[in-house]
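See structure below.
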Amino acid sequence: PREAGEFLVDTFPKDFVWGCATASYQIEGAWDKDGKGVNIWDTFCHEGGHVENNDTGDVACDSYHKYPEDVKLLKDLGVSHYRFSISWSRILPNGTKSSVNQKGIDYYNRLIDALLEANIQPFVTLYHWDLPQPLQDLGGWPNEALVEHFVDYARVCFESFGDRVKMWLTFNEPYVFCGLGYEYGFHAPGIKDTGRSAYQASRTVIKSHAKTWHLYDDEFRAKQNGKIGITLDSDCFVPKDPNSEADKEAYNTSFEFKLGWFANAIFGEGNFPKLVLDKVAAKSKEQGLSESRLKPFTEEEVKYIKGTFDYLGLNHYTTRLSTPGYKGGEADVCYLADRAVEEETDPAWERAGSEWLYVVPWGLRQLLNDIKTRYNNPPVFVTENGCSDRENAIDDVKRVFYYQSYINQTLKATKQDGCNVKGYFAWSLVDNFEWAMGYAERFGLHFVDFNDPERKRTAKSSAKAYTQIVKENGFKEKPANM
Ligand code: GBH
């Protein structure tokens, strides 16, 4: 049903995980401290012309120095877990295992120990978009040589932190960093090679993920006893006209070209979705190419990749209405032409502070149900969900509503629909560097004053609302504003 329905007063299962999420480049700052190497976001920001206001992550929230304050904020929220990412360039300044930087390892040791001291469990993402520049100089993710480098880096992380970190994620949102990084060029490294590089990058990323999962499984799991998955992002899609066969097909195409692109090989039947392979192959043929621009995995690769997960991390923010179409030119060679679906919005939907973000709480419930149906109900952590503003609001009533309503839909999916949801992470703990939008869009439960050298943090109303949800493990009563 395309509506929120009645508010559900109920609680989550006893062992449900509550947390907040951040990412290294977005919060750490200290871009050149203690031996850290340069990464693609350092380069992209310093180049200028790519980010609103030419903002950079040079200082960001200065969490490299202020992490004890972040830990205190987490403790005050009452969450059991903190999802953060490791900066590859801090650990391996030139990207490869020939350059281990002990000072970088020390930083994450301090952070992890401070978390555990506060009884908060680390949930660690190995890669949240900040590729070491020297590896981009080799071609970046479209170059399959990166598989070995990623696995080397993962090994150093498991060896250094795996005694205390029990929850791992290989990648954050490959759809975004392959697409925005190599197809559209809106994100670092700013490459616009439509219809090819993002597809190639996706092969490297999926192989890197699988090989890292096997590494953990073969060499670390028995001793360290942790778990490892991947975080994928997806909007919820629905047919624009629920009664139109063409729109229903478009909904399926949207799904397969977004979540399916990365999920099908790992969580699904194996390989890229047949629909995606067929569509890209057909377009490639039309374009006179002898080979498809998206190369399928071999049978051996399919077997090696399939099932390489302990859980799915899901980042979700918003919803789209799918209908067939492509507004570009006949001869275009690109992802959007391959997909040939327009993804629209409903004028009735409330908007947030980001161009792309519409507040559609029921979308999360539907997406969780889609995942349950399509991938045999895997364990899912909602590893990001949240809402932006451009008003610098401390009394952020919209964000309060967003969390209450999206979490209530998560509760319905969990309790009423039987979706295997294990935890929920709010994006984000603090306002931070919002990629191409710089500091103009804020997602934090805590306000950060970016003009203050101390980067003072202030709890917003949403921090209080989230604290209550966490404390009640759901909703003991309907919130007054709902
Ligand atoms: C997440 O991406 C990221 O993991 C996180 O780092 C980020 O801060 C957070 O969301 C909030 O954005 O207008 O064409 O440039 C969510 C997926 C990817 C959705 C970028 C919006 C912008 C598309 N987002 N996308 S475009």
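Note that this is a predicted model, so its numbers are computed, not measured. Just follow the structure's listing: the first ligand is 1, and inside any ligand the first atom is 1.
Looking at every heavy atom in both residues, Y406 comes nearest to Y358 through OH-O, 3.7 Å.
Looking at atom 13 (O) of ligand 1, its nearest protein heavy atom turns out to be W356 CD1, 4.2 Å. In terms of protein heavy-atom proximity, atom 23 (C) of ligand 1 is closest to L180 CD1, 4.2 Å. Atom 17 (C) of ligand 1 has as its closest protein heavy atom E173 OE1, 3.5 Å. Among all non-hydrogen protein atoms, the one lying nearest atom 26 (S) of ligand 1 is F186 CD1, 4.3 Å. Nearest protein neighbour of atom 3 (C) of ligand 1, counting heavy atoms only, is E384 OE1, 3.3 Å. Looking only at protein heavy atoms, the nearest one to atom 8 (O) of ligand 1 is E434 OE1, 2.7 Å. Residue, atom and distance of the protein heavy atom nearest to atom 18 (C) of ligand 1 are V176 CG2, 3.6 Å.
One N or O on the side chain of R164 and one on the backbone of S160 form a donor-acceptor pair closer than 3.5 Å. Of the possible donor and acceptor atoms, none in the side chain of Y153 sits under 3.5 Å from a partner among the backbone N and O of Y127. When atom types are taken as modelled, the side chain of N54 and the backbone of G49 share a donor-acceptor pair closer than 3.5 angstrom.
In summary, the atoms of ligand 1 found under 4.0 Å from a heavy atom of N172, numbered by their order in the structure, are 4 (O). Close approach of ligand 1 to Q26 (heavy-atom distance below 4.0 Å) involves ligand atoms 5 (C), 6 (O), 7 (C), 8 (O). Residue N315 has at least one heavy-atom neighbour below 4.0 Å for each of these atoms of ligand 1: 4 (O). Heavy-atom proximity to Y317, at under 4.0 Å, picks out these atoms of ligand 1: 1 (C), 9 (C), 10 (O), 11 (C), 16 (C).
A salt bridge is defined here as a Lys NZ or Arg NE, NH1 or NH2 lying under 4.0 Å from an Asp or Glu carboxylate O, and D431 with K460 meets this definition.
Residue D233 places no N or O, backbone or side chain, under 3.5 Å from any N or O of ligand 1.
Evaluated for a side chain to side chain contact (heavy atoms under 4.5 Å, CB included) with F161, the options I112, V156, L111 yield exactly one hit, I112.
Within the 4.0 Å heavy-atom shell around ligand 1 one finds W435. Ligand 1 has H128 within reach: a non-hydrogen atom of the residue lies less than 4.0 Å from it.
Side-chain atoms of D338 and Y199 include a donor-acceptor pair closer than 3.5 Å. When only modelled atom types and interatomic distance are considered, Q200 and D193 share no side-chain donor-acceptor pair under 3.5 Å.
Atom CG of L336 is separated from atom CD of E183 by 7.0 Å, given to the nearest 0.5 angstrom.
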